[in-house]
Protein chains: 2
Amino acid sequence: MKANLEDIAKAAGVSKMTVSRVLRGGTGFSDDTRDRVRKVAESLGYVPNKLAAAFGADQASTLVGMCVPRLTSGLFGQVLDGVDRALSRLGYQLIIGANNHSTEEEEAWVRQIVSWRPAGLILSGRTHQPGTVDLLRQAGMPVVEIWDLTTSPIDMSVGFSHVDCGAEMGQHLLRRGRRRAGYVGALARADVMGQARLDGFRAALAEAGHPLVASELLLDMPGFYAGLYGLETLLSRTRDLDVVYFHNDEMAIGGLAYAQARGIRVPEDLGIAGWGGMEAASILPRRLTTTVVPTTAIGKAAAEALVARLKGEPGQDVTVVPTRLVPGETG
Amino acid sequence: MKANLEDIAKAAGVSKMTVSRVLRGGTGFSDDTRDRVRKVAESLGYVPNKLAAAFGADQASTLVGMCVPRLTSGLFGQVLDGVDRALSRLGYQLIIGANNHSTEEEEAWVRQIVSWRPAGLILSGRTHQPGTVDLLRQAGMPVVEIWDLTTSPIDMSVGFSHVDCGAEMGQHLLRRGRRRAGYVGALARADVMGQARLDGFRAALAEAGHPLVASELLLDMPGFYAGLYGLETLLSRTRDLDVVYFHNDEMAIGGLAYAQARGIRVPEDLGIAGWGGMEAASILPRRLTTTVVPTTAIGKAAAEALVARLKGEPGQDVTVVPTRLVPGETG
DNA sequence: CTGAAAGCGCTAACAC
DNA sequence: GTGTTAGCGCTTTCAG
């Protein structure tokens with residue numbers, strides 16, 4: 001990794017500046033010069049130094065940072081995919097981090113990343129440490145908050161309302177005749193967005209006069225086994241339920257497995273509903289009642305909003321993406 | 001984002017160098033100076049510029065690049081998680097990219113990332129473009145190839161043998177009395193590691209005198225629905241199978257769903273086996289026969305091997321991680 | 001169309 | 001314990 005612009009310039013008999021212009025595909029050089037410079041660069045195995053470029057220029061790199069709650073979440077994997085595709089197409093590189101549902105960890109990550117002078121940041125959720133918000137406002141760098149809708153973003157927001165998701169599901173289950181609902185969650189209270197769905201769910205039920213009967217908030221990660229175990233625990237406390245809403249589809253599918261193992265008929269004896277819209281929900285023998293979230297579209301929209309802002313193009317500060325309740329055969 | 005070392009130096013009445021030493025937690029300053037500098041830095045809202053630091057120092061940043069086949073793969077999400085946890089603990093930041101199972105896309109990504117002068121790179125798979133290998137060797141930067149075992153890595157390798165995975169599963173199914181096996185894959189031939197499992201599987205069957213009866217290689221992503229559809233397609237061509245090996249667990253579970261929908265009894269009428277060890281495999285009414293891959297451990301080992309190399313600590317060039325065939329109730 | 005000069009913010013090396 | 005000097009590789013600005 002030795003050759004730099006100077007080396008190429010010498011070998012090609014031009015100045016550094018001309019080499020720089022040629023290699024960045026600018027204008028202001030003859031075809032002859034261009035060909036000569038390119039050939040020399042190639043033969044020297046030149047690799048540009050973006051560290052120097054970003055530093056020397058105006059301090060803004062083509063790095064974009066993105067912080068997600070967990071890297072093992074299937075939904076966030078899809079969001080990341082949407083972001084990555086859009087960003088790499090536009091010439092940016094993606095730095096990622098996980099905050100483990102902690103705003104403190106998020107702040108630590110943001111401090112690290114901001115010192116790389118990224119072009120922008122994508123954060124998950126609307127809840128942050130005050131210090132994080134101060135830092136980002138002061139840095140004046142484009143920030144997109146995704147996943148959870150906020151009407152007063154730090155800068156921009158792409159998301160949907162978790163409260164509404166929960167409320168809609170509550171109303172749907174009530175329409176289906178369910179009257180005694182339970183809830184199985186995970187991550188304790190660390191996941192504010194899961195909490196928001198529970199809040200919406202609870203409020204919708206209460207409003208209709210059929211309040212939530214019982215809930216079980218596990219400490220675990222929201223996986224298949226947690227759902228199975230969570231339903232078992234919930235039912236050991238209260239048998240008298242006619243439907244259970246789960247933190248997400250993985251857990252709901254775990255709940256389904258428990259019901260099947262115990263001979264509990266779904267949906268006859270017990271309704272089951274999930275959230276997220278994982279692919280497996282639609283191929284189950286009985287399709288899972290769930291809320292489909294447009295994950296990849298959110299990622300794409302976030303990346304594009306960020307880049308639009310960087311290019312000075314007009315764009316919306318708040319983008320609401322629609323979720324869709326898909327009635328299945330389980331509730 | 002205005003304050004720099006100079007500003008702090010002036011306000012604290014010391015030199016830039018002293019500020020630099022204090023802020024990096026070095027030695028060579030009085031307690032008094034330290035406290036004063038820290039206070040000033042804090043009050044000025046100083047954010048260090050890693051671009052300048054990495055550039056000015058020795059050209060090696062604390063950035064680590066990692067390229068995975070797909071960001072939507074659950075298994076790679078777990079690997080990323082392992083890498084991220086280890087790396088962030090050690091003070092590095094993670095740049096990611098997806099190559100969509102294409103070595104050409106991988107090379108384009110590597111060229112972008114190398115120009116950020118990362119401390120090291122983690123690549124997935126052992127197959128790369130010649131240009132990629134040349135570039136990396138020339139750059140002399142630590143590289144860990146993960147997932148697919150190679151005894152002649154570019155630099156280091158952490159993985160296991162996909163051929164062995166397939167062979168083991170073939171032998172296991174033969175021991176269980178299966179004689180007419182089929183295979184359902186995805187991603188056509190783009191996924192060389194899935195191909196390797198098929199190769200191993202096929203060879204084990206042939207060796208025992210019960211060669212593979214039929215296989216169906218879909219173009220799709222290896223998901224639940226692809227598995228369902230793939231089994232349907234395979235069986236429409238050949239009814240006479242007593243077991244089917246799938247590209248991964250998602251697809252196997254999709255196959256299970258198809259069998260259930262069609263009244264095909266598993267494992268009586270048809271055995272089903274997957275690969276990967278996703279959590280859902282173990283909570284199915286009939287636990288899926290599969291191969292468990294230590295995803296997070298691979299990520300952790302890769303990150304640690306990289307950092308050991310950076311610190312000049314001795315380490316192994318090739319780390320073999322064991323996979324484990326878990327006999328379930330489906331095959 | 002091309003080049004020279006200046007400087008981005010930081011750190012290594014050395015001097016005091 | 002602290003300061004000075006030099007320079008990393010590039011781009012911006014301005015001059016020709």
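Each chain gets a letter, A, B and so on, in the order the sequences are listed, and its residues count up from 1.
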Indicate whether OP1 or OP2 belonging to D/dG9 is found under 4.0 Å from a side-chain N or O atom of A/Y46.
no

Got a sec, which residues hit salt bridge (Lys or Arg N to Asp or Glu O under 4.0 Å) with A/R85, two or more places apart in sequence or on another chain?
A/D81

Could you state the CZ-P distance from B/R117 to D/dG9, rounded to the nearest angstrom?
8 Å

Run the side-chain hydrogen bond (donor to acceptor under 3.5 Å, both in side chains) test against B/T33 and tell me which residues pass, sequence neighbours left out.
B/S30

What side-chain hydrogen bond (donor to acceptor under 3.5 Å, both in side chains) pairs are there with at least one residue in residues 6-17 of chain A, not counting sequence neighbours?
A/S15-A/T18

Over how many whole Å does the gap from A/L5 atom CG to D/dT12 atom P extend?
12 Å

Counting only side-chain nitrogens and oxygens, does A/N49 get under 4.0 Å of the OP1 or OP2 atom of D/dG9?
no

Indicate yes or no: does A/D155 engage A/R309 in a salt bridge with an N to O separation below 4.0 Å.
yes

Contact check, residues 6-21 of chain A vs DNA chain C, heavy-atom distance under 4.0 Å, returns A/V14, A/S15, A/M17, A/T18, A/R21

Could you note down all residue pairs passing ring-ring contact (aromatic ring centres under 6.0 Å, His included) where residues 22-43 of chain A supplies at least one of them, sequence neighbours left out?
none

So ring-ring contact (aromatic ring centres under 6.0 Å, His included) across residues 82-109 of chain B, not counting sequence neighbours, yields none

Looking only at the side chain of B/F55 (C-beta and beyond, no hydrogens), which of the listed nucleotides D/dG9, C/dC10, D/dT11 gets closest?
D/dG9

If you assign B/A52 and A/T33 each to the DNA chain C nucleotide with the nearest heavy atom, which residue ends up on the more 5' nucleotide?
A/T33

